[in-house]
There are 2 protein chains.
Amino acid sequence: MDLIRQLGVLAFGSRLRRLTERLSKDVSRSFRDQGIGFEVRWFPVFYLLTLESEVSITGIASALQYTHPAINQIAGEMDRAGLIVSTRDKNDERRRLLSLSKKGQSLITDLKPLWADIADATKEILSMSGIDFVAAIDKVEEALDQRQLYDRIVSRIKIRQYDAIEIVEYESSLKDHFRELNYEWLKKYYRIEPADEKVLGDPEGNIISNGGAVVFARIDGRIIGTGALIKHDDQTYEIAKMAVTERMQRRQAGKKLTRALLDRALDSGAVRIFLETSPQMTPAISLYEKLGFEISEGFITPRYKRESITMVYKFEK
Amino acid sequence: MDLIRQLGVLAFGSRLRRLTERLSKDVSRSFRDQGIGFEVRWFPVFYLLTLESEVSITGIASALQYTHPAINQIAGEMDRAGLIVSTRDKNDERRRLLSLSKKGQSLITDLKPLWADIADATKEILSMSGIDFVAAIDKVEEALDQRQLYDRIVSRIKIRQYDAIEIVEYESSLKDHFRELNYEWLKKYYRIEPADEKVLGDPEGNIISNGGAVVFARIDGRIIGTGALIKHDDQTYEIAKMAVTERMQRRQAGKKLTRALLDRALDSGAVRIFLETSPQMTPAISLYEKLGFEISEGFITPRYKRESITMVYKFEK
DNA sequence: TAATATTACGTAAGCGCTTACATAAAGGTT
DNA sequence: AACCTTTATGTAAGCGCTTACGTAATATTA
């Protein structure tokens, strides 16, 4: 009946939220019952002030790992309830130092046994889980400190996307894709120059027949990206004409294309592999860096008017 | 440094909230990154709609254990995003039946692998806790279903309060307390009648010297309640003149006083123990019931004008 | 069959935090 | 000393749920 429960780890967030709400609602109700005029959400701040007096808003915030507006709001409420007093820091007029008021001090004795009851009851509930729940949360938080959930998800997504891309060899039926994919971004960022038209119009004549290669990236049967390997001499290869259609960018096609061309160059005995790209293309540059290229002084005559930087593959010694 | 962490079970609510926020923020970010136009908070509803179509708002709410306004809001957003369509139920014009739209249907294939990535990453994090976190939450929720945290806290508070009350024997220096405590509530609810004045003015002459007793409840050195045992004959005792000062009510003083007087009557060989109270005093009545009294036909001549009901102690056979 | 209770849905506002932004004081730099 | 950066605080608004409440449709009951 309870789908959230069935979904297990998939609806883990909803699950935790529900549990949190359930527990904290009960705790606040217990507090209210006592008619002490104390809200549970004040508890961490109050407790901190029993340990230390003259603490600033941000001081409390960082000790409790809350944001400072949260503390500001709680302090406002506690102030209105007469539990704290605040004074300006003599040495730093920005800071507002909080301490418990007389009334706040005297509340401590009333609250302490109540805390103990709540802690005991909570422990009782948590012990039903059969494990040390608090310790388990500690470990989960440590794991998150080490590497965020976000990063873990993203790396999985990337691997999946990378695997979903198929690298396809050039054949003449795909000739138009090679031109169109490159035109798409050239038009967007620059103008198409004669040198572009020449190479993109006849990849067979200009690239493949000279010992180079053209490959394509395919997802679900659709060509979405391309790239070429141009042979300059037996030892020198250039990766060029990389293009991925805009809608399919950030899906690791560039990475898989580059790696495919790089492998091909290495297999052909390349000693020098380079590429040219534009300084604005920061995602591309960082991709190339990840794959082992580094920015270098240009060593070939620029063939295009557009500004470019040269990157060279760093062979491992 | 992190006080919330140090507080352990005492700040368990804050702890859980923090973890929840951290996890769900990362998950939503991953979703947003994908640019699918899908919010994580829609997930449970969306998932349910992949299993069943034509589900009503309250139907979804109860399946997911959310409130219906939550579902209403989520449905509104999903509607605006074009993921669902809603039709009126032919048999019940109040109900709005939700189903996935074409667009919603086609999203399923995009979302499924993403769900899997998120589930895997979450599992990875949770496995760091070294225990089956989801199962642990299951058990905690079961424990809560059995008996709420609130009830567990309250019963601890009551025991503590009960233990904090000291029962004090009558002595003439406490004579005024006996009168004042009784006058306090008599004035509040009725008028003081001659019969009251007589007994309350001279407990020694009217109660104690006739083989009865007067006791007091004391907290932190202060007398806060009183009660009397009146002897009618060797076998018949009456519990009467119970009073607890208003500010100290609900602290189990009445219970401890009654139990003390009851024990005394039983020790004296009572065969019949009764008391009179007013029908409006429902908290008192339920207290007496808990202690073994039951409402009975009055069997003594009414001594006061105020309306009253008689309760008799039920001896176990 | 009229009155009453229940149910389904919707809307507004609240809760306890957050992010985003503004302001003023303090500290650093040239 | 003028300028920029950083820090402490405050305020507004948002988020994702909740409670509270209103209205209309349906079910129940006398």
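Residue numbers begin at 1 in each chain, while the letters A, B, ... track the order of the sequences. A quick note: this is a predicted structure, and the numbers were derived from the prediction, not measured.
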Could A:Arg152 and B:Glu124 be called an ion pair, given the rule that one side-chain N must be under 4.0 Å from one carboxylate O? yes

Touch check for A:Gln73, heavy atoms < 4.0 angstrom, all strands: base, sugar-phosphate only, or nothing? base

Among the candidates C:dC9, D:dT9, D:dT11, find the nucleotide nearest to the side-chain atoms of A:Pro69. D:dT11

DNA chain C nearest-nucleotide lookup for A:Ile71 and A:Lys90: closer to the 5′ end is A:Ile71

5'-most contact on DNA chain D: A:Leu97 or A:Arg17, nearest heavy atom basis? A:Leu97

For A:His68 and for A:Asn91, locate the closest nucleotide of DNA chain C by heavy-atom distance; then report the residue assigned to the nucleotide nearer the 5' terminus. A:His68

Set out, in order, the CA-CA distance, both residues' side-chain angles and the distance that settles side chain to side chain contact (heavy atoms under 4.5 Å, CB included) for B:Glu289 and B:Met311, then state yes or no. CA-CA 9 Å; B:Glu289 277 172 343; B:Met311 298 185 78; 3.7 Å; yes

Would you mind reading off the distance between B:Arg95 atom CZ and D:dT23 atom P, rounded to a whole angstrom? 23 Å

Just call it for A:Ser56: base, sugar-phosphate, or nothing, with non-hydrogen atoms closer than 4.0 Å on any strand. sugar-phosphate

Would you say B:Lys25 reaches D:dC15's phosphate, i.e. side-chain N/O to OP1/OP2 under 4.0 Å? no

In whole angstroms, how far is the P atom of D:dT18 from the CZ atom of A:Arg29? 17 Å

Are any of A:Arg96's side-chain N or O atoms less than 4.0 Å away from OP1 or OP2 of D:dG10? yes

What's the closest nucleotide to the side chain of B:Ile74 if the choices are D:dC17, D:dG10, C:dT19? D:dC17

How many whole angstroms separate atom CG of A:Asp89 from atom P of C:dA25? 14 Å

Would you say C:dC9 has OP1 or OP2 under 4.0 Å from some side-chain N or O of B:Asn72? no

Considering only NZ, NE, NH1 and NH2 on the basic side and carboxylate oxygens on the acidic side, decide whether A:Arg156 and B:Asp117 come within less than 4.0 Å. no

Looking at the side chain of A:Glu21, which of D:dT18, D:dG10, D:dG16 is the nearest nucleotide? D:dT18

Please determine whether a side-chain nitrogen of the Lys or Arg among B:Asp145 and A:Arg22 lies less than 4.0 Å from a carboxylate oxygen of the Asp or Glu. yes

Is the distance from OP1 or OP2 of C:dC17 to the nearest side-chain N or O of A:Arg41 less than 4.0 Å? yes

Spacing of A:Gln65 atom CD relative to C:dT18 atom P, expressed in whole Å: 10 Å

Just to be sure I understand the rule, does B:Asp92 reach a base, reach only the sugar-phosphate, or reach nothing, if contact means heavy atoms closer than 4.0 Å? sugar-phosphate

Pair A:Phe43 and A:Phe38, ring centroids less than 6.0 Å apart: no

Measure from CG on A:Leu64 to C1' on C:dG16 and round the result to the nearest Å. 14 Å

Can you see if the side chain of A:Tyr66 gets near the phosphate of C:dT18 - specifically, an N or O under 4.0 Å from OP1 or OP2? no

Expressed as a whole number of angstroms, how long is the span from A:Ile60:CD1 to D:dA8:C1'? 13 Å

Regarding B:Thr58, tell me which of base, sugar-phosphate or nothing describes its non-hydrogen contacts under 4.0 Å with the strands shown. sugar-phosphate

Rounded to whole angstrom units, what separation is found between the CG atom of B:Asp79 and the P atom of C:dC9? 14 Å

Does A:Asp132 come within less than 4.0 Å of A:Lys123, counting only side-chain N to carboxylate O? no

Do the side-chain N or O atoms of B:Arg94 get closer than 4.0 angstrom to the phosphate oxygens (OP1, OP2) of D:dT26? no

Interatomic distance, A:Glu39 CD vs C:dC15 P [rounded to whole Å]: 9 Å

